[in-house]
Amino acid sequence: MLVLSVAKAQKLLKEQLKTRRLELGFTQEALAQRSGVSLASLRKFEQKGLISLESFLKLTMVLACLQDFVCALEQEDQKFHSIDDVLKDASKKIRKHGWRK
């Protein structure tokens, strides 16, 4: 598994979204207008990788890849190997809060 830094992730995301924009034939102006994200914010994102989460999600929605980002964070389905695995899993409590310091 590849370990990414935040800076590397920003660089990859800005490059991938720019590539996607160009593949779909959008200019920066057209994507900004369709997404409701300001042109300045889009340019800043494509140059520096900086953008708000809301604006990022708006861009991915217009570029038809929002679902990909949401699904990337979903937990994989549990695969059970025995009835004991099922029973152990059923007895686990699902956390609703984070750990205290």
Side-chain angles (χ1 to χ4, degrees):
M1 180 173 197
L2 179 66
V3 178
L4 290 176
S5 66
V6 172
K8 182 67 174 175
Q10 285 175 302
K11 182 179 179 188
L12 290 171
L13 288 172
K14 73 179 183 130
E15 290 171 357
Q16 291 170 355
L17 252 62
K18 182 177 181 178
T19 299
R20 180 81 175 213
R21 174 179 67 78
L22 294 172
E23 286 173 352
L24 294 174
F26 285 114
T27 62
Q28 285 182 330
E29 293 82 5
L31 178 57
Q33 185 177 18
R34 283 185 178 218
S35 66
V37 174
S38 72
L39 181 57
S41 291
L42 176 55
R43 285 186 175 152
K44 184 177 179 181
F45 174 64
E46 287 191 357
Q47 291 171 3
K48 299 179 181 180
L50 302 174
I51 196 166
S52 73
L53 177 60
E54 180 180 7
S55 294
F56 180 79
L57 295 175
K58 287 178 179 181
L59 294 174
T60 61
M61 185 173 66
V62 172
L63 296 174
C65 54
L66 176 60
Q67 187 70 30
D68 297 335
F69 285 101
V70 173
C71 290
L73 296 176
E74 288 181 355
Q75 291 184 349
E76 293 183 24
D77 290 336
Q78 291 266 337
K79 303 237 184 318
F80 300 112
H81 301 289
S82 70
I83 190 66
D84 291 328
D85 291 343
V86 174
L87 294 173
K88 284 180 193 175
D89 187 67
S91 65
K92 288 182 184 176
K93 292 183 180 179
I94 297 174
R95 293 192 57 80
K96 295 183 182 178
H97 304 284
W99 294 99
R100 293 184 185 177
K101 277 187 152 183

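Sequence positions, counted from 1, serve as the residue numbers for this chain.
Contact of the Ile51 side chain with the Lys44 side chain is not registered, since no non-hydrogen atoms from C-beta on lie closer than 4.5 Å. Contact of the Glu29 side chain with the Arg43 side chain is registered, since non-hydrogen atoms from C-beta on lie closer than 4.5 Å.
Residues Val70 and Leu59 share a hydrophobic cluster, clusters being chains of Ile/Leu/Val/Met/Phe/Trp/Tyr side chains in contact below 4.5 Å. Phe45 and Val6 are members of different hydrophobic clusters when ILVMFWY side chains are connected at heavy-atom separations under 4.5 Å. Residues Leu50 and Leu39 fall into different hydrophobic clusters, defined by Ile, Leu, Val, Met, Phe, Trp and Tyr side chains chained together at heavy-atom separations under 4.5 Å.
Residue pairs meeting the side chain to side chain donor-acceptor pair (under 3.5 Å) criterion with at least one member in residues 6-26, sequence neighbours excluded: Arg21-Glu46.
Here the CG-CG distance, from Leu63 to Leu31, works out to 5.0 Å after rounding to the nearest 0.5 Å. In this structure, CG in Leu13 is found 10.0 Å from OG1 in Thr60, a value given to the nearest 0.5 Å. The structure places CG of Leu22 at 10.0 Å from OG1 of Thr27, a figure rounded to the nearest 0.5 Å.
If you run side chain to side chain contact (heavy atoms under 4.5 Å, CB included) between Ser35 and each of Val62, Leu42, Leu57, only Val62 comes through.
Among all heavy-atom pairs drawn from Ser38 and Ala32, the shortest one is C-CB, 4.2 Å.
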